[in-house]
A.B. asks: 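Before we start, here is the structure in question, set down as structure tokens.
Since this is a predicted model, take the numbers as computed values, not measurements.
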Amino acid sequence: MNTSNQTIASRLAALRDEMRRERLSAFIFPSSDPHNSEYVPSRWEGRKWISGFDGSAGTAVVTMHSAALWTDSRYFLAAEEQLSGTEFLLMRERVDSTPSIPEWIARELRADDPTEVGVDGMCLPLAEAESLKADLKRISGITVRTNLDILDRIWTDRPLVPPNHIELHPLEYAGETVTDKLSRIRHELLRLGAGGMLMTQLDDIAWTLNLRGTDVHCTPVFVAWLIIAEEKAVLFVKDEKLTPEVTGYLRSNGIDVDDYDNIISALNSYDGYTLLVDPSTTNYTLAQLRGNFHVVSAPSPVPAMKAVKNKVERDGFRHAMLRDGVAMVRFLKWLEDAVPMGSETELSACSMLRQLRSEQPLFRDISFDTIAGYEQHGAIVHYEPTPESDAALKPEGFLLLDSGAQYLDGTTDITRTIQLGPVSDLHRRVYTLVLKGHLSLQNLCFPRGASGTQLDAVARTAMWREGMNFMHGTGHGVGSYLSVHEGPHQIRQEYRPAPMLEGMTVTDEPGLYLAGKFGVRIENTLLTVPYVTTEFGRFLRFEPLTLCPIDTRPIIVDMLTTEERAVLNSYHQMVYERLAPLLDSDERVWLAEKTMSV
């Protein structure tokens, strides 16, 4: 971000003028939008606008006399650079000496400052808002005001809600009609004791209505709200987003339309007896509205429905992975030839991979910003190259490449750690430990209904024996031409109770990261499928969806068990058999070499 220090100073001055008028001692700018989105439309990038820091995670806090920004270790270096010369102090999250936001606010207040802090309640999830209010009251008796969108007063050229047209997602890709989805949702609501529900998550809305959009970076969704009642459903959306085709489609499916900004008045006048509100995803302002209805506070049933892919969606994933595999093979072959020439960098690799994917049928976009970390950059878990950090790729060491694409029939997510030339014994040992974890999870059979937490240790056992570990999750769900990160199921150390069921997609991505040296991660997207039914119940296994060779050059083969070698060889045989017919002769020769048995 190239926002000048002078610009940040003038924005802070305008903010403080409004804080004086409103008698606020501080204002908090989270990274979220009203829909708790992973990627935030530009209208709600208030934290970025006020601070100049453009990382995906962080919270800015401004008092009348000081300013600070909290972010995690992924962004320490970038934030330090971007905040340099501004008032903002960098607060390194999860570092022992770093105060919490309530602690810092209490410490910064002066005797004559007001005792009220502001935050836009539309951009703060209910749980976070309640925690913030409780902590500020406990620490210093400070109260929180949530009914002020202060950015509307000081951000003079603030972007509008994106006006992009909504698109139909045809039944040939969705696999289930809107009518059937609404019927299933209403059935679940009745089971939960609710006559209706407020839906705020954009990917849930898109899935429910078989619609897609281009409002959010890397995720094909559109900005809207949805209220589902017993007899009707209402989509709250800006009128300019609706084409005649979409308007007719909504009408034919019994979906009423209202303006996006009317959601509060609609909730206040909601005439149903009960309304389900998900406290983990709904923003504070909407969650506090009561109208004449009783709130049923419970998780939305939609994520669990969306997570189980129907036959059309499962087949769509398989088709998308074929095309993505072709692009990956062409990229890896290009990379092998290009790096020794000495002109490639992390960013040029990202650009080439995107170009090759864009040449595939049904390609729409990448599914997240590509992580291309050469050597020490690979040790930064969510590193994304920038023009300032862009490293030259040398014919030695590792390149960690985590990428994905959005196709009309599926979403892809794949990581390969690629040997660019000679590597050390440490490189090879760490790589093999990660591979052992990856293969062990991919080959796992388990009881239907086991949670991802129960599966997680399988991917870590080999590295635990070496006193090594990684701190991110091992696997997440993947949407069907939707968000690349999807729940409610996850494979991770922290307890996640959501059961693993047939039809769920999930990633398998263990890693190890040696700070200042290199990182290794290997990731496939898997489909959960039936395995066997016995007197002990139904068991499931994983079908690998991702089709791309895993680099065998760094493997210390003697570290692999006979079973692990068989799993890798079987996977590579499948990759060759499925991709070879789609490649030219040179590419087939290359792929045959890369998928040879170990």
A.B. asks: If you define the side chain from C-beta out and look only at heavy atoms, does anything of Arg541 sit under 4.5 Å from Val529?
C.D. replies: yes

A.B. asks: Looking at Asp96, I want to see if its CG is surrounded by more than 12 non-hydrogen atoms of other residues, nucleotides or ligands under 6.0 Å.
C.D. replies: no

A.B. asks: Answer with yes or no whether the side chains of Glu502 and Thr528 bring together a donor and an acceptor at under 3.5 Å.
C.D. replies: no

A.B. asks: Here's a test for you: under ring-ring contact (aromatic ring centres under 6.0 Å, His included), which of Trp155, Phe29, Trp44 qualifies with Trp49?
C.D. replies: Trp155

A.B. asks: Could you tell me whether a side-chain N or O of Thr474 sits under 3.5 Å from a main-chain N or O of Arg492, the two making a donor and an acceptor?
C.D. replies: no

A.B. asks: Please say whether more than 12 non-hydrogen atoms of neighbouring residues, nucleotides or ligands are located less than 6.0 Å from CE in Met596.
C.D. replies: no

A.B. asks: Between the main-chain N or O of Pro510 and the side-chain N or O of Arg521, is there a donor-acceptor pair closer than 3.5 Å?
C.D. replies: no

A.B. asks: Scan Thr546, Asp402, Asn524, Asp551 and name whichever one has a side-chain hydrogen bond (donor to acceptor under 3.5 Å, both in side chains) with Arg416.
C.D. replies: Asn524

A.B. asks: Would you mind checking if Asp315 and Lys311 are paired as a salt bridge, meaning a charged N to carboxylate O distance below 4.0 Å?
C.D. replies: yes

A.B. asks: Is Lys309 paired with Glu486 through a side-chain N to carboxylate O contact shorter than 4.0 Å?
C.D. replies: yes

A.B. asks: Mind jotting down which residue pairs meet the ring-ring contact (aromatic ring centres under 6.0 Å, His included) criterion with at least one end in residues 552-579? Sequence neighbours excluded, please.
C.D. replies: none

A.B. asks: Nearest 0.5 Å, what's the NE2-CG distance between His319 and Leu545?
C.D. replies: 11.5 Å

A.B. asks: Does a donor on one side chain sit under 3.5 Å from an acceptor on the other, for His485 and Glu38?
C.D. replies: yes

A.B. asks: Please step through side-chain hydrogen bond (donor to acceptor under 3.5 Å, both in side chains) for the pair Ser389 and Thr386, ending with a clear verdict.
C.D. replies: CA-CA 5 Å; Ser389 70; Thr386 66; 3.2 Å; yes

A.B. asks: Identify, with sequence neighbours excluded, every residue that meets ring pair (Phe, Tyr, Trp, His ring centres under 6.0 Å) alongside Trp590.
C.D. replies: none

A.B. asks: Using side-chain contact (heavy atoms from CB on, under 4.5 Å), reason through Arg496 and Glu494 one step at a time and then give a plain yes or no.
C.D. replies: CA-CA 6 Å; Arg496 294 294 187 272; Glu494 299 84 0; 3.6 Å; yes

A.B. asks: Indicate the ring-plane relationship of Phe398 and Phe518, choosing parallel, tilted or perpendicular according to the 30° and 60° boundaries.
C.D. replies: perpendicular

A.B. asks: Are Lys436 and Glu466 close enough for a salt bridge, meaning some N to O gap below 4.0 Å?
C.D. replies: no

A.B. asks: Just do the side-chain contact (heavy atoms from CB on, under 4.5 Å) check on Val339 and Leu399 with the steps written out, would you?
C.D. replies: CA-CA 11 Å; Val339 168; Leu399 171 66; over 6 Å; no

A.B. asks: Take Phe222 and Thr214 through the test side-chain contact (heavy atoms from CB on, under 4.5 Å) and record every step on the way to the result.
C.D. replies: CA-CA 6 Å; Phe222 53 94; Thr214 58; over 6 Å; no

A.B. asks: Does the side chain of Ser32 come under 3.5 Å of the side chain of Asn36 through a donor N or O and an acceptor N or O?
C.D. replies: no

A.B. asks: Indicate whether any N or O donor in one side chain lies under 3.5 Å from an N or O acceptor in the other, for Thr86 and Asn5.
C.D. replies: no

A.B. asks: Evaluate whether atom CG of Asp337 has more than 12 neighbouring non-hydrogen atoms of other residues, nucleotides or ligands under 6.0 angstrom away.
C.D. replies: yes

A.B. asks: Under 4.0 Å between a side-chain nitrogen and a carboxylate oxygen: does that hold for Lys394 and Glu375?
C.D. replies: no

A.B. asks: For the pair Arg330 and Glu359, find out whether any cationic side-chain nitrogen is under 4.0 Å from an anionic carboxylate oxygen.
C.D. replies: no

A.B. asks: For the side chain of Ser480 and the backbone of Gly410, is there at least one donor-acceptor N/O pair under 3.5 Å apart?
C.D. replies: no

A.B. asks: Between Asp413 (side chain only) and Gly404 (backbone N and O only), is there a donor and an acceptor less than 3.5 Å apart?
C.D. replies: no

A.B. asks: Run the ring-centre check on Tyr383 versus Tyr374 and record whether the distance is less than 6.0 Å.
C.D. replies: no

A.B. asks: Using modelled atom types only, decide if a donor and an acceptor are shared between the side chain of Ser351 and the backbone of Ser348 within a distance under 3.5 Å.
C.D. replies: no

A.B. asks: When you compare the side chains of Thr7 and Ser4, does any donor N or O come within less than 3.5 Å of an acceptor on the partner?
C.D. replies: yes

A.B. asks: For a side-chain hydrogen bond (donor to acceptor under 3.5 Å, both in side chains) check, start with the C-alpha distance between Gln360 and Asp324, then their side-chain angles and the critical distance, and finish with the verdict.
C.D. replies: CA-CA 8 Å; Gln360 293 298 312; Asp324 206 58; over 6 Å; no

A.B. asks: Phe76 ring centre to Arg92 NZ or CZ under 6.0 Å, with the angle to the axis within 45°?
C.D. replies: yes

A.B. asks: Can you list the steps and then say if Asp390 with Thr345 is a side-chain hydrogen bond (donor to acceptor under 3.5 Å, both in side chains)?
C.D. replies: CA-CA 6 Å; Asp390 189 24; Thr345 69; 2.8 Å; yes

A.B. asks: For the pair Asp365 and Arg354, find out whether any cationic side-chain nitrogen is under 4.0 Å from an anionic carboxylate oxygen.
C.D. replies: yes

A.B. asks: Between Ser51 and Arg11, do the side chains contain an N or O donor and an N or O acceptor separated by less than 3.5 Å?
C.D. replies: no

A.B. asks: Can we say Asp456 and Arg460 salt-bridge, meaning some charged N sits less than 4.0 Å from an Asp/Glu carboxylate O?
C.D. replies: yes

A.B. asks: Given His472 and Glu509, is the side-chain hydrogen bond (donor to acceptor under 3.5 Å, both in side chains) satisfied, shown in steps?
C.D. replies: CA-CA 9 Å; His472 59 73; Glu509 50 180 311; 5.3 Å; no

A.B. asks: Under 4.0 Å between a side-chain nitrogen and a carboxylate oxygen: does that hold for Arg364 and Glu167?
C.D. replies: yes

A.B. asks: Say you draw a straight line from CZ of Arg578 to CG of Leu547; how long is it, rounded to the nearest 0.5 Å?
C.D. replies: 6.0 Å

A.B. asks: Are the side chain of Thr461 and the backbone N or O of Ala457 linked by a donor-acceptor pair below 3.5 Å?
C.D. replies: yes

A.B. asks: Quickly, which of Asp204, Leu202, Val221 forms a side chain to side chain contact (heavy atoms under 4.5 Å, CB included) with Leu482? Name it, please.
C.D. replies: Val221

A.B. asks: Say you draw a straight line from CE of Met559 to CG of Leu433; how long is it, rounded to the nearest 0.5 Å?
C.D. replies: 4.0 Å

A.B. asks: Does any non-hydrogen side-chain atom of Leu89 lie less than 4.5 Å from one of Leu69?
C.D. replies: no

A.B. asks: Are the side chain of Thr370 and the backbone of Cys350 linked by a donor-acceptor contact shorter than 3.5 Å?
C.D. replies: no

A.B. asks: Can you confirm whether more than 12 heavy atoms, excluding those of Gln6, are under 6.0 Å from its CD atom?
C.D. replies: no

A.B. asks: Does Arg323 qualify as a cation-pi partner of Tyr407, given the criterion of NZ or CZ under 6.0 Å from the six-membered ring centre and within 45 degrees of its axis?
C.D. replies: yes

A.B. asks: Can you check whether Phe53 and Tyr75 have ring centres sitting under 6.0 Å from each other?
C.D. replies: yes

A.B. asks: Measuring only between side-chain heavy atoms, which start at C-beta, is Thr507 closer than 4.5 Å to Val478?
C.D. replies: yes

A.B. asks: Roughly how far, to the nearest 0.5 Å, is the OG atom of Ser403 from the CG atom of Leu353?
C.D. replies: 4.5 Å

A.B. asks: Please identify each residue that fulfils salt bridge (Lys or Arg N to Asp or Glu O under 4.0 Å) with Arg314, with sequence neighbours left out.
C.D. replies: none

A.B. asks: One pair to check against side-chain contact (heavy atoms from CB on, under 4.5 Å): Leu582 and Leu322. What are the steps and the verdict?
C.D. replies: CA-CA 9 Å; Leu582 306 175; Leu322 277 169; 4.1 Å; yes

A.B. asks: Indicate the ring-plane relationship of His169 and Tyr481, choosing parallel, tilted or perpendicular according to the 30° and 60° boundaries.
C.D. replies: tilted

